[in-house]
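What follows is a set of notes on a single structure, which appears directly below.
By convention in this document, chain letters (A, B, ...) are assigned in the order of the sequence lines, proteins followed by strands, and residues within each chain are numbered from 1. Bear in mind the structure is a predicted one, so any value in this text is a computation, not a measurement.
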Number of protein chains: 2
Amino acid sequence: MPQRQTSMREAILDAAEELFSKSGFRAVSMREIAQASGANLGSISYHFGSKDGLLRAIYDQHSGPMNRRRSELLNEAQRIRDPEDRLAAIVRAFILPSLSEADGSVGGGARFARLRAVVMAERHEEAQKIIAETFNPINLAFIDALQECLPHLPRADIVWRTHFLLGAVSYTLINPWRVARLSDGEADGENTQEALAQIVHAAVAAFRAPATDGAAA
Amino acid sequence: MPQRQTSMREAILDAAEELFSKSGFRAVSMREIAQASGANLGSISYHFGSKDGLLRAIYDQHSGPMNRRRSELLNEAQRIRDPEDRLAAIVRAFILPSLSEADGSVGGGARFARLRAVVMAERHEEAQKIIAETFNPINLAFIDALQECLPHLPRADIVWRTHFLLGAVSYTLINPWRVARLSDGEADGENTQEALAQIVHAAVAAFRAPATDGAAA
DNA sequence: GTCTATATACTGATAGAC
DNA sequence: GTCTATCAGTATATAGAC
């Protein structure tokens, strides 16, 4: 449930996140953000200094809670004894906060995840730095947890499959309509529950595959 | 081996593709393209009419040969009798032209695939239309071929897993350095052979998984 | 903190000489 | 087909009134 905006600053943050997640960073002008939030153009500079500063503020607002959430879910998952069940729980914990529509923050985790995916693809330097700093540590924690479930696998294979998992999530957030288009509407890319079930199932199967033999390709 | 440019028009196409694939569509100005290609700013408008026209010309140049290549590889793969081997060959045929560094055209298929991935993420309307028109038919042919290997799977599951496969390829093309970063250099995202082996292996395992049960998520 | 007005730079596109 | 010059539009950022 989105909470009421108490200040102009929050209204700007909310509008900017909405617009950036839809169209990317470069394509959205500060004028559009001003109009959507009801703020004045000058106010944005006053509160955030620059457009980059606004982007940084959006990350600051979300990355703490989101990574805390992922840590909690990872800890819960790691308590599961059975390695098969644990693997699925870890995968689920890894991506749930990115797909969940409501995670306590305004607009839900999916919007921020979509923003990250879109902005990452733009190769905006500032954004790449922020993302790497913020998400690498927690990603490495997940890789360690996966390695514990799959001790026979080379770490490189686990990294590759984790990378593919991130790619699948990112692609689904950026192009949800593609699933519907390729399936004639039978599958629905906008349906978070369906996406989560499909992606966890596919990823677990991929992780369970034996080590990749380079010559086999 | 890149072939020599015989005309200014080709030089512009080549420079534009290089820049778009690196930084996306919106971030690259026509002036940058002019400078990189040695052409005059006015010449770009003369040859391609507009910036959108230039993007369209890049697609026109590549999509024909690339889809022909994918059709050939798909046909070859479909001749394999054993369903297990055939599945791997189809997956390989699906993504090889996008990852291959040299496919006969200037700069290789990987550069054009990276361009598609980056531009797609920008949600440029013109580009989305072109991509859907050009790649949906061949993608549906691959899905049909996969369904033949996996007759027990609901088509929706095959579409979802194909979607994830496209996401993994796209993500790897956009962020190859992420693999090296997460693995401390042990895995190399820029190594096409390694990426191909890893992604085919993981995708085949995902396709072979039983049907996804919605309740299991 | 919020507003107007504006400085400065860059964008895609075009007209017209050569 | 290539050039220069330029138009009209938009961008971010800022200075200063209130």
Partners passing ring pair (Phe, Tyr, Trp, His ring centres under 6.0 Å) against F94(B) (at least two apart in sequence or in another chain)
F142(B)

Contacts to DNA chain C from residues 44-52 of chain A, heavy-atom cutoff under 4.0 Å, which residues?
Y46(A), H47(A)

Please list all pairs meeting salt bridge (charged side-chain N to carboxylate O under 4.0 Å, His left out) that have one or both residues in residues 176-185 of chain A, counting only residues at least two apart or in different chains.
none

Flag, side chain of E76(A) to backbone of I90(A), donor-acceptor distance under 3.5 Å
no

Residues which pass side chain to side chain donor-acceptor pair (under 3.5 Å) with T172(B), listed by chain and number, not counting sequence neighbours
H163(A)

Nucleic acid contacts of residues 118-130 of chain B, taken as heavy-atom distances under 4.0 Å to DNA chain C:
none

Nucleotide interval of DNA chain C bounded by contacts with chain A (heavy-atom cut-off, under 4.0 Å)
dG1(C) to dT4(C)

Can you run down the salt bridge (charged side-chain N to carboxylate O under 4.0 Å, His left out) pairs that involve residues 32-46 of chain B, sequence neighbours left out, and say none if there aren't any?
none

Inspect the contact between E186(B) and R155(A) and indicate whether a charged nitrogen and a carboxylate oxygen are less than 4.0 angstrom apart.
no

Report, as a single string ordered 5' to 3', how protein heavy atoms within less than 4.0 Å touch nucleotides 5-10 of chain D: B base, S sugar-phosphate only, - not at all.
-B----

Please set out all donor-acceptor pairs under 3.5 angstrom arising from side-chain atoms of residues 131-140 of chain B, sequence neighbours excluded.
from    : atom 1 : to      : atom 2 : distance (Å)
T134(B) : OG1    : I130(B) : O      : 2.6
N139(B) : OD1    : R70(B)  : NH2    : 3.4
N139(B) : ND2    : F135(B) : O      : 3.3

What pairs of residues pass the ring-ring contact (aromatic ring centres under 6.0 Å, His included) test when at least one of them lies in residues 35-57 of chain A, not counting sequence neighbours?
none

Qualifying salt bridge (charged side-chain N to carboxylate O under 4.0 Å, His left out) pairs with a residue from residues 118-128 of chain B, counting only residues at least two apart or across chains
R26(B)-E122(B), R56(B)-E126(B)

Give me each pair satisfying ring-ring contact (aromatic ring centres under 6.0 Å, His included) with a member in residues 15-41 of chain B, each pair once, sequence neighbours excluded.
F20(B)-F25(B), F25(B)-H124(B)

